[in-house]
Amino acid sequence: MTDHDHTLVGYRMGQPRQRNLVATVETTGGPYVIILTDTRHGIPVLHQTTSTMRMFDGILTVKGNEDSVRTITLQDQQEDRIKINSSERIYVGRPEHPWKAAATQRRYQKRMDELTRNREFIRYGKGASAGDRQRALNDLRALMNVGPDTRVCLWDPYLSAEDLLETWYYTDTYGLELRAITSNEIPKKMNMTFECWRGKQREILRSGSNQFGINLLWRAQHDMFGFPFHDRFLIQLPPDEEPRVWSLGISVNGLGKSHHILQLVSNPGYIVDAFEELWDALEDPSCQMWNSKENSRNG
């Protein structure tokens, strides 16, 4: 609306998880007041005055409160409580020139670069430091805790429910999507059927968290489904950007326990393509370890 006469000159409504929300107004002289409101709860979340109508672009984060808590119970039975935030990309205003959109993209790129700073090449387990396990977990959690609309993928043949509880469940943004692939290596070493092991893994996830804000898709390569794999990778797939891939150097269950290197991969596209090829080959129901949306519907 205009600031001098409070005339509404444009509006737009959208769903909370809608990716783009653009409001365009006619040129009436300004100055303008931009108001972003949670209509469901009647809460204003943005109030901004500007002399000329322009593109407002950024990430809006609403901090969680005591009602927005994810609980995590690990094997030591100690419960951790993580406040979960809501984070959305928002766009308000008249679309601007392409070069300005590129500038916005560079700002986001800078934020992502800050995330990866000092995490392009890290050694763990040198000298068997007792603190390396926690340091490695913290680094992996930080790389997982990406911005909205960025998908994270985890590829580890020994990935277990306990590993996910120790890593992905410590991210603090509501609804971030993780696609994870494991294999039947663990049940084979335990002389357990894959179906029995899968059932135990599901129970560990159910009992290990209240699942608040979790968006996890977890599949397993076994028998004739997909193809065997050995390497361990963490993948970030941000919108409209090149993917980022880290080689973990060891399975999640061994992070920091012996010498290994977390390293940013120079040619990530090949690894992303291989992950997606295997992911698509694991659509059979027997390969489904966990689907947060289906588990939520089924109670």
Side-chain angles (χ1 to χ4, degrees), residues 19-20 57 59 87 89 98-99 101-124 136 139-159 163-164 167-168 171 173 175-183 185 215-222 224-252 254-255 260-284 287-292:
R19 178 176 175 182
N20 294 345
D57 173 19
I59 296 176
S87 186
R89 292 182 188 275
W99 66 266
T104 296
Q105 184 63 33
R106 286 196 297 273
R107 288 195 295 271
Y108 179 75
Q109 181 77 33
K110 183 179 179 181
R111 289 195 295 269
M112 295 301 292
D113 289 344
E114 291 172 354
L115 171 68
T116 61
R117 190 178 58 225
N118 300 326
R119 293 191 175 94
E120 293 185 358
F121 184 96
I122 313 177
R123 293 176 66 184
Y124 304 98
D139 284 338
L140 187 59
R141 293 168 183 172
L143 291 174
M144 287 177 159
N145 207 32
V146 293
D149 298 335
T150 297
R151 177 186 298 163
V152 180
C153 305
L154 184 58
W155 199 0
D156 180 351
Y158 290 93
L159 187 67
D163 297 331
L164 291 166
T167 56
W168 182 248
T171 57
T173 299
L176 289 181
E177 180 181 329
L178 173 68
R179 294 188 175 187
I181 297 179
T182 187
S183 74
E185 289 298 321
N215 183 7
L216 169 63
L217 298 168
W218 185 21
R219 297 180 179 180
Q221 185 275 321
H222 70 100
M224 78 286 292
F225 300 103
F227 51 85
F229 60 96
H230 174 75
D231 293 320
R232 289 83 164 166
F233 296 105
L234 176 74
I235 301 169
Q236 292 178 355
L237 296 174
D240 306 319
E241 281 188 53
E242 290 295 315
R244 291 182 174 89
V245 177
W246 282 262
S247 171
L248 302 183
I250 201 169
S251 285
V252 174
L255 288 173
H260 66 97
I261 295 172
L262 176 71
Q263 184 173 7
L264 190 66
V265 175
S266 58
N267 295 299
Y270 298 109
I271 296 169
V272 173
D273 290 345
F275 179 92
E276 292 182 345
E277 178 186 353
L278 180 56
W279 181 263
D280 291 341
L282 302 178
E283 292 185 349
D284 188 84
C287 301
Q288 310 305 308
M289 297 288 294
W290 187 268
N291 183 319
S292 292

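Treat the numbers as computed from the prediction; the structure is a model and nothing was measured.
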Does His260 have any side chain to side chain donor-acceptor pair (under 3.5 Å) partners at least two apart in sequence or in another chain, and if so, which? none

How close do Pro157 and Ser183 get, heavy atom to heavy atom, and via which atoms? O-OG, 2.7 Å

Between Gln221 and Ile181 (side chain of the first, backbone of the second, donor and acceptor by atom type, cut-off under 3.5 Å), is there such a pair? no

Counting C-beta onward and ignoring hydrogens, is there a side-chain heavy-atom pair between Tyr124 and Ile250 closer than 4.5 Å? no

Under the 3.5 angstrom rule, does the side chain of Gln288 hit a backbone N or O of Leu217 as a donor-acceptor pair? no

Shortest non-hydrogen contact between Pro238 and Pro243, atoms and distance: CD-CA, 4.3 Å

Just distance, no hydrogens or angles: give the donor-acceptor pairs under 3.5 Å from side chains in residues 264-279, sequence neighbours left out.
none

Go through the steps for Asn145 and Leu176 under the test side-chain contact (heavy atoms from CB on, under 4.5 Å), then give the verdict. CA-CA 8 Å; Asn145 207 32; Leu176 289 181; 4.1 Å; yes

Residues forming a ring-ring contact (aromatic ring centres under 6.0 Å, His included) with Phe227, sequence neighbours excluded: none

Taking all heavy atoms of Ala220 and all of Leu282, pick out the closest pair and write down the distance. O-CD2, 3.7 Å

I'd like to check Leu255 versus Asp139 (side-chain heavy atoms, cut-off strictly below 4.5 Å). Are they in contact? no

Excluding sequence neighbours, so at least two apart, what forms side-chain contact (heavy atoms from CB on, under 4.5 Å) with Asp284? Phe225, Ser286, Cys287

Sequence-distant partners of Glu177, side chain to side chain donor-acceptor pair (under 3.5 Å), two or more places apart: Arg151, Arg179

First locate atom CH2 of Trp246, then atom CD of Glu120, and finally report the distance between them rounded to the nearest 0.5 Å. 8.0 Å

Could you tell me whether the side chain of Val152 reaches within less than 4.5 Å of the side chain of Leu237, counting heavy atoms only? no

Distance check, rounded to the nearest 0.5 Å: Thr167 atom OG1 versus Leu159 atom CG? 7.0 Å

Working to the nearest 0.5 angstrom, can you tell me the gap between Leu248 CG and Gln263 CD? 11.5 Å

Within the structure provided, determine whether Leu262 and Leu143 are in side-chain contact (heavy-atom separation under 4.5 Å). yes

Rounded to the nearest 0.5 Å, the OG1 atom of Thr150 sits from the CZ atom of Arg244 at a distance of 8.5 Å

Looking at every heavy atom in both Asp231 and Phe233, which two are closest together, and how far apart are they? CB-CE1, 3.3 Å

Side-chain H-bond candidate by donor/acceptor type, Ser292 with Asn215, under 3.5 Å: no

Closest non-hydrogen contact found for Arg219 with Met289 is C-CG, 3.9 Å

Specify the closest pair of heavy atoms between Leu154 and Met144, including all atoms of both residues, with the distance to one decimal. CD2-CE, 3.8 Å

Kindly compute the distance separating OG1 (Thr182) from CG (Asp156), expressed to the nearest 0.5 Å. 6.5 Å

With sequence neighbours left out, what residues match Asp163 under side chain to side chain donor-acceptor pair (under 3.5 Å)? Ser160

Which residues pass the side chain to side chain donor-acceptor pair (under 3.5 Å) test with Glu185, sequence neighbours left out? Lys188

Has the side chain of Arg232 got a donor or acceptor atom that lies under 3.5 Å from a matching backbone atom of His230? yes

Before you tell me yes or no, could you show the steps for Leu164 and Leu178 under side-chain contact (heavy atoms from CB on, under 4.5 Å), namely the whole-Å CA-CA distance, both residues' side-chain angles and the distance that decides it to 0.1 Å? CA-CA 10 Å; Leu164 291 166; Leu178 173 68; 3.8 Å; yes

